[in-house]
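When a residue number appears, it is its place in the shown sequence, counting from 1.
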Amino acid sequence: MKKSIFMAALLMSLVFILAACGGGNASDPSEESTEGSNGEATEGSEANAEEGGSLSGSVTGDGSSTVAPILELINEDFNAEYPEVQVSIGVSGTGGGFEKFVAGETDFQNASREIKEEEVSALEEAGIDFTEFKVANDGLTVAVNTENDFVDYLTFEELKTIYSGEAETWSDVRDEFPDEEITAYAPDQSHGTHDFFKEAVMEDGDITAELNQDTNVISQSVASSEGAIGFFGYNYYMVNQENLKGVPLQGPESEEPVEVTEETVMSYEYPLARPLFVYTKNESLENNESFMQFMEFTLNNASSAAEEAGYVPLTEDEMQEQKDKLEAFK
């Protein structure tokens, strides 16, 4: 009897010793991943749980090459915070991007112009509901070569004369201009910039110029040819302004020529100022948590990204309107 009591006591002692040596490592495996070597929860694990660090999935967008620099800057920061979410941003141009958006291939569509009626109809036929968000402002900039010392400003009528192909020389544009050949450059039909200029300046008439899908080629062509003229987004002008001469414009409602600046674009005093857009598929906002987080991140960072990319941010009131639109989906 005494021997049995002794053995039981010995076994009990061994159990306590083993438990002490184990340091609690026999706990549930699911708890181990949230503990450090000292048995305390790490800051990273709690932060990931609280900030959505475990968010994963994919987001797909396409569209305007004008808007793309803003979204690409935003995506760099988004990817650093949410590395498990794969975001792809194509640059098929506004028109090409809308084709993919109508086909249901993308969650969002960048656009440097407002959506057209025929694109709205196509989306309705496809059963795709969408929401329009403004993300920045842009001033479509007309530029000539830096060696051009005679163009001090242009009217819309003069621009129309150039881009209709009616003017072959600068003297055809204005009598006091020299009799030198004009070479006009413009973005091709895949760009919202092309459509915006066509509507605002050409009154929906065709643009006759050397068209190119690559806006960098256009700005470089103007910079390298004395008789050249071209147009593109404000960003492309700002990046290349040492090699280009921006042309003040006098629009139909302008009393005098207006230079393109951050202030004149924000106030819409500059006659070719325009908003830049992101169009979203409502179904993706409602059902794709990663996309909702991406759009929230986009609106929270669009102003700083627009400035960094060389565009003009929305006013605080304008941006709040966009955030309110998104909030309605939560």
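Within a 6.0 Å sphere centred on CD of Glu168, other residues, nucleotides and ligands contribute 12 heavy atoms or fewer. Within a 6.0 Å radius of CD in Glu263, more than 12 heavy atoms belonging to other residues, nucleotides or ligands are found. More than 12 heavy-atom neighbours from other residues, nucleotides or ligands sit within 6.0 angstrom of CD on Glu180. With a 6.0 Å radius and a threshold of 12 heavy atoms from other residues, nucleotides or ligands, Gln241 has its CD atom above the threshold. Within a 6.0 Å sphere centred on CD of Glu176, heavy atoms belonging to other residues, nucleotides or ligands number more than 12. Residue Glu289 qualifies as open at atom CD: its count of foreign heavy atoms under 6.0 Å is 12 or below. Enclosure of atom CD in Glu117 is not indicated, since only 12 or fewer non-hydrogen atoms of other residues, nucleotides or ligands lie within 6.0 angstrom. Crowding of Lys134 atom NZ: a count of heavy atoms from other residues, nucleotides or ligands under 6.0 Å not exceeding 12.
Checking Asp62 against Thr106 by side-chain atom types alone, no donor-acceptor pair falls below 3.5 Å. Looking at Lys100 and Ser92, their side chains do bring a donor and an acceptor atom within 3.5 Å of each other. No hydrogens or angles considered: nothing links the side chains of Tyr163 and Asp206 as a donor-acceptor pair under 3.5 Å. Judged by distance alone, the side chains of Thr169 and Asp172 do bring a donor and an acceptor atom under 3.5 Å apart. No hydrogens or angles considered: nothing links the side chains of Asn282 and Glu286 as a donor-acceptor pair under 3.5 Å. Judged purely by distance below 3.5 Å, without hydrogens or angles, the side chains of Thr315 and Asp317 never pair a donor atom with an acceptor atom. Side chains of Thr261 and Thr264: a donor-acceptor N/O pair is present below 3.5 angstrom, by distance only. With hydrogens and angles left out, the side-chain atoms of Asp107 and Ser284 include a donor and acceptor closer than 3.5 Å. A side-chain N or O of Ser65 and one of His191 form a donor-acceptor pair less than 3.5 Å apart.
Hydrophobic clustering, with ILVMFWY side chains joined whenever heavy atoms are under 4.5 angstrom apart, keeps Ile70 apart from Leu73. Residues Ile74 and Leu326 are members of one and the same hydrophobic cluster, defined by side-chain heavy-atom contacts under 4.5 angstrom among Ile, Leu, Val, Met, Phe, Trp and Tyr. Put simply, Met292 and Tyr279 are part of two different groups of oily side chains (I, L, V, M, F, W, Y) that touch within less than 4.5 Å, one to the next. Placement of Val239 and Val217 in two distinct hydrophobic clusters is found when ILVMFWY residues are connected by side-chain heavy-atom separations under 4.5 Å, directly or transitively. In the hydrophobic cluster analysis, where Ile, Leu, Val, Met, Phe, Trp and Tyr join through side-chain heavy atoms closer than 4.5 angstrom, Leu159 is grouped together with Val144.
Checked by atom type and distance alone, the side chain of Glu119 pairs as donor or acceptor with a backbone atom of Lys116 at under 3.5 Å. A side-chain donor-acceptor contact under 3.5 Å links Gln322 to the backbone of Glu318. Under a 3.5 Å cut-off, the side chain of Asn240 and the backbone N or O of Glu242 do not form any donor-acceptor pair. At distances below 3.5 Å, at least one donor-acceptor pair connects side-chain atoms of Asn301 with backbone N or O atoms of Phe297. Looking at Lys245, its side chain does come within 3.5 Å of a backbone N or O of Asn148 through a donor-acceptor pair. Not a single donor-acceptor pair under 3.5 Å links the side chain of Asp195 to the backbone N or O of Ser190. Within the 3.5 Å criterion, the main-chain N or O of Asn137 finds no donor-acceptor partner in the side chain of Arg274. Of the possible polar contacts, one joining the Gln109 side chain to the Thr94 backbone as a donor-acceptor pair under 3.5 Å is found.
Ring geometry for Phe108 versus Phe291: interplanar angle under 30°, hence parallel rather than tilted (30 to 60°). Below 30°, between 30° and 60°, or above 60°: for Tyr234 and Tyr237 the angle between ring planes is between 30° and 60°, a tilted geometry.
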Derivation of the salt bridge (charged side-chain N to carboxylate O under 4.0 Å, His left out) call for Glu157 and Lys160: CA-CA 5 Å; Glu157 282 301 316; Lys160 189 175 180 180; 5.1 Å; no
Working for side chain to side chain contact (heavy atoms under 4.5 Å, CB included), residues Lys325 and Phe133: CA-CA 8 Å; Lys325 286 184 189 179; Phe133 294 93; 3.6 Å; yes
Derivation and outcome, side chain to side chain contact (heavy atoms under 4.5 Å, CB included), residues Leu249 and Val247: CA-CA 6 Å; Leu249 300 180; Val247 178; 4.3 Å; yes
Side chain to side chain contact (heavy atoms under 4.5 Å, CB included) between Ile182 and Val173, intermediate numbers included: CA-CA 10 Å; Ile182 295 177; Val173 179; 3.6 Å; yes
From CA spacing to verdict: side chain to side chain contact (heavy atoms under 4.5 Å, CB included), Glu262, Glu307: CA-CA 10 Å; Glu262 181 174 335; Glu307 286 189 294; 4.1 Å; yes
Candidate pair Glu296 and Lys330, rule salt bridge (charged side-chain N to carboxylate O under 4.0 Å, His left out), full reasoning: CA-CA 11 Å; Glu296 185 172 6; Lys330 293 184 178 180; 3.0 Å; yes
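For the pair Arg113 and Phe196, the NZ or CZ position fails the cation-pi test of under 6.0 Å to the six-membered ring centre and within 45 degrees of the ring normal. Remark: Arg174 is positioned above the aromatic ring of Tyr153, its terminal NZ or CZ atom under 6.0 angstrom from the ring centre and at most 45 degrees off the axis.
At a threshold of 4.5 Å between non-hydrogen side-chain atoms, the residues Leu276 and Tyr311 count as touching. Val151 is not listed as a side-chain neighbour of Ile229, based on a closest heavy-atom distance of 4.5 Å or more. Taking the side chain as every heavy atom from C-beta outward, Pro271 and Val258 approach each other to under 4.5 Å. A heavy-atom distance below 4.5 Å is found between the side chains of Phe78 and Gln293. Residues Gln213 and Pro187 have side chains not in contact (no heavy-atom distance under 4.5 Å, counting atoms from C-beta outward). Under the 4.5 Å side-chain criterion, counting only non-hydrogen atoms from C-beta, Ile162 is in contact with Trp170. With contacts defined as side-chain heavy-atom distances shorter than 4.5 Å, the pair Val102/Ile128 does not qualify.
Between Ser303 and Met319, the closest heavy-atom pair is OG-CE, 4.0 Å. Annotation for Phe231 and Ile218: closest pair O-CG2, 4.3 Å, computed over non-hydrogen atoms. Closest heavy-atom contact between Asn243 and Ala223: O-CB, 3.4 Å. Shown here for Val222 and Ala228, the closest heavy-atom pair between the two residues is CA-CB, 3.8 Å. Heavy atoms only, all atoms of each residue included: Gln250 and Pro257 are closest at OE1-CD, 3.8 Å. In terms of heavy-atom proximity, Phe232 sits nearest to Ala143 at CZ-CB, 3.9 Å.
For the side-chain hydrogen bond (donor to acceptor under 3.5 Å, both in side chains) condition, the pairs that include at least one residue of residues 66-76, sequence neighbours left out, are Thr66-Thr193.
Partners of Tyr185 according to the ring-ring contact (aromatic ring centres under 6.0 Å, His included) rule, which considers only residues two or more places apart in sequence or in another chain, do not exist here. Remark: Asp129 engages no residue in a salt bridge (charged side-chain N to carboxylate O under 4.0 Å, His left out) (not counting sequence neighbours).
Here Phe294 and Tyr82 keep their ring centres 6.0 angstrom or further from each other.
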